Q: 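Once you've had a glance at the structure underneath, I'll fire off some questions.
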Amino acid sequence: MENLLKYIRLLTPFSDKSWEILQPALSERNYRKNELMLQKDEVCNTLFYIDNGFCKSYYEIDGDIKNTGFFFENEIVTNISSFGSGQKSEFNIIACEDLHVVIFDKTKLFEAARNAPEIETLGRHCIRQFASRQEEFSNLFKLYTAKQRLEYIESKHPEMLQRISLTQLASFLGVARETLSRIRKRRITR
């Protein structure tokens with residue numbers, strides 16, 4: 001939980017008293033590689049803080065996996081729409097390697113936020129940061145070619161290239177694996 005507290009204090013001023021009030025909303029959990037954290041058609045009632053490992057969000061359409069996000073240490077992952085509205089999730093979140101997370105329980109988090117304004121502020125910061133990241137990647141697909149998307153990932157998110165398989169990265173970038181291999185090969189031979 002030490003990493004979480006450091007993360008929180010990087011986002012917003014956060015007192016020891018608020019940390020104490022937040023404790024009942026937090027629990028730790030380990031997920032095995034390929035274990036679902038959130039399944040399609042479930043309501044998302046948690047925010048996951050990734051302490052160690054990484055996970056991804058994805059849609060499964062006619063048996064085809066469409067990766068939509070990868071989340072690493074010191075990041076929050078959730079289904080922001082389901083978390084906010086109580087509607088069922090349209091996608092899955094799965095551990096890509098053994099994963100240790102701190103879980104924020106929605107009901108207990110909201111109760112703690114009523115007792116400490118710093119916790120409410122923290123919640124807004126977490127959601128804003130998550131939404132900003134989603135928008136960053138959404139814009140990537142609206143504005144750039146596949147080659148430019150790869151270059152962007154290389155420069156801004158190199159951890160993705162080091163930890164994500166080529167097949168998963170191709171799905172995330174919206175291209176066939178062969179196309180991604182061709183793009184990379186052309187760039188290397190130049």
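Source: prediction; values computed, not measured.
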Q: Can you name the residues that form a salt bridge (charged side-chain N to carboxylate O under 4.0 Å, His left out) with Glu28, not counting sequence neighbours?
A: none
Q: Listing request: all ring pair (Phe, Tyr, Trp, His ring centres under 6.0 Å) pairs with a residue in residues 13-40, at least two apart in sequence or in separate chains.
A: none
Q: Out of curiosity, does Leu10 fall in the hydrophobic cluster containing Val101 (side-chain heavy atoms, cut-off under 4.5 Å, transitive links)?
A: no
Q: Which atoms form the tightest heavy-atom contact between Ala95 and Cys55, and what is the distance?
A: CA-CB, 4.0 Å
Q: State whether the side chain of Thr179 and the backbone N or O of Val175 hold a donor-acceptor pair below 3.5 Å, judged by distance alone.
A: no
Q: Establish whether Phe72 and Leu173 are linked, either directly or via other cluster members, by ILVMFWY side-chain heavy-atom contacts under 4.5 Å.
A: yes
Q: For residues Thr68 and Ser57, is any side-chain donor paired with an opposing acceptor at under 3.5 Å?
A: yes
Q: Please step through side-chain contact (heavy atoms from CB on, under 4.5 Å) for the pair Asn30 and Leu99, ending with a clear verdict.
A: CA-CA 6 Å; Asn30 292 310; Leu99 183 69; over 6 Å; no
Q: Let me confirm one number: the CG-CZ distance from Asn79 to Phe48, rounded to the nearest 0.5 Å.
A: 10.5 Å
Q: With sequence neighbours excluded, what pairs up with Arg177 under the salt bridge (charged side-chain N to carboxylate O under 4.0 Å, His left out) test?
A: none
Q: Check the hydrophobic clustering (I, L, V, M, F, W, Y; side-chain heavy atoms under 4.5 Å; chains of links allowed) and say if Leu22 and Phe130 are grouped together.
A: yes
Q: At their closest point, which heavy atom of Ser82 faces which heavy atom of Ser89, and how far apart are they?
A: OG-N, 3.9 Å
Q: List the steps, then state whether side-chain contact (heavy atoms from CB on, under 4.5 Å) holds for Gln129 with Ile76.
A: CA-CA 8 Å; Gln129 189 166 28; Ile76 298 284; 6.0 Å; no
Q: For residues 105-116, which residue pairs pass the salt bridge (Lys or Arg N to Asp or Glu O under 4.0 Å) check, not counting sequence neighbours?
A: none
Q: Would you please name every residue forming a side-chain hydrogen bond (donor to acceptor under 3.5 Å, both in side chains) with Asn3, sequence neighbours left out?
A: Asp51
Q: Return the minimal non-hydrogen interatomic distance between Ile80 and Ala131, and the atom names on each side.
A: CD1-CB, 4.4 Å
Q: With side chains defined as the heavy atoms from C-beta onward, is the minimum distance between Leu166 and Ser181 less than 4.5 Å?
A: yes
Q: Between OH of Tyr58 and CG of Asn67, what distance do you get to the nearest 0.5 Å?
A: 9.0 Å
Q: Measure the OG1-CG distance between Thr12 and Leu122 for me, rounded to the nearest 0.5 Å.
A: 7.0 Å
Q: Could you go step by step and tell me if Ile103 and Leu47 meet the side-chain contact (heavy atoms from CB on, under 4.5 Å) rule?
A: CA-CA 6 Å; Ile103 295 173; Leu47 300 174; over 6 Å; no
Q: Can you check side-chain contact (heavy atoms from CB on, under 4.5 Å) on Ile94 and Lys56, steps first, answer last?
A: CA-CA 6 Å; Ile94 193 168; Lys56 70 177 183 179; 3.7 Å; yes
Q: In Å and rounded to the nearest 0.5 Å, what is the CE to CD distance from Met160 to Glu154?
A: 11.5 Å
Q: Could you list all the salt bridge (Lys or Arg N to Asp or Glu O under 4.0 Å) pairs where at least one residue sits in residues 61-83, not counting sequence neighbours?
A: Asp64-Lys66, Glu73-Arg163, Glu75-Arg133
Q: Quick test of your reading: applying ring pair (Phe, Tyr, Trp, His ring centres under 6.0 Å), list the pairs with at least one residue in residues 153-178, sequence neighbours left out, ordered by first then second residue.
A: Phe70-Phe172, Phe137-His157, Phe137-Phe172, Phe141-Phe172
Q: I'd like to know if Lys147 and Glu151 make a salt bridge, using a cut-off of under 4.0 Å between side-chain N and carboxylate O.
A: yes
Q: Could you tell me which residues satisfy ring pair (Phe, Tyr, Trp, His ring centres under 6.0 Å) with Tyr152, sequence neighbours excluded, listed by chain and number?
A: none
Q: Within the 3.5 Å criterion, strictly below it, is a donor on Tyr144 or Asn139 matched to an acceptor on the partner's side chain?
A: no
Q: Between Phe71 and Val77, which heavy-atom pair has the shortest distance, and what is it?
A: CD1-CG2, 3.4 Å
Q: Got a list of side-chain donor-acceptor pairs under 3.5 Å for residues 34-46, not counting sequence neighbours?
A:
| unit_1 | atom_1 | unit_2 | atom_2 | d |
| --- | --- | --- | --- | --- |
| Glu35 | OE1 | Arg32 | N | 2.9 |
| Glu35 | OE2 | Arg29 | NH2 | 2.8 |
| Glu42 | OE1 | Gln39 | N | 3.1 |

Q: Which atoms form the tightest heavy-atom contact between Gly63 and Glu60, and what is the distance?
A: CA-OE2, 3.8 Å
Q: Is it the case that atom CD in Glu20 sees more than 12 heavy atoms from other parts of the structure closer than 6.0 Å?
A: no
Q: Go through the structure and list residues passing ring pair (Phe, Tyr, Trp, His ring centres under 6.0 Å) with Phe91, not counting sequence neighbours.
A: Tyr59
Q: How far does CG of Leu140 sit from CG of Leu143, to the nearest 0.5 angstrom?
A: 8.0 Å
Q: Quick one: do Ile21 and Leu11 end up in the same hydrophobic cluster if we chain Ile, Leu, Val, Met, Phe, Trp and Tyr together by side-chain heavy atoms under 4.5 Å apart?
A: yes
Q: Working to the nearest 0.5 Å, report the span between CD1 of Ile119 and SG of Cys126.
A: 11.5 Å
Q: So, using side-chain hydrogen bond (donor to acceptor under 3.5 Å, both in side chains) as the criterion, who are the partners of Gln148 when residues are at least two apart?
A: Thr145
Q: Taking only residues two or more places apart in sequence, or in another chain, which ones meet Glu118 in a salt bridge (charged side-chain N to carboxylate O under 4.0 Å, His left out)?
A: none
Q: Applying salt bridge (Lys or Arg N to Asp or Glu O under 4.0 Å) to Arg182 and Glu178, what does each step give before you reach the verdict?
A: CA-CA 6 Å; Arg182 222 176 5 261; Glu178 297 75 21; over 6 Å; no
Q: If hydrophobic clusters are built from ILVMFWY residues whose side chains come within less than 4.5 Å, do Leu4 and Phe54 share one?
A: no
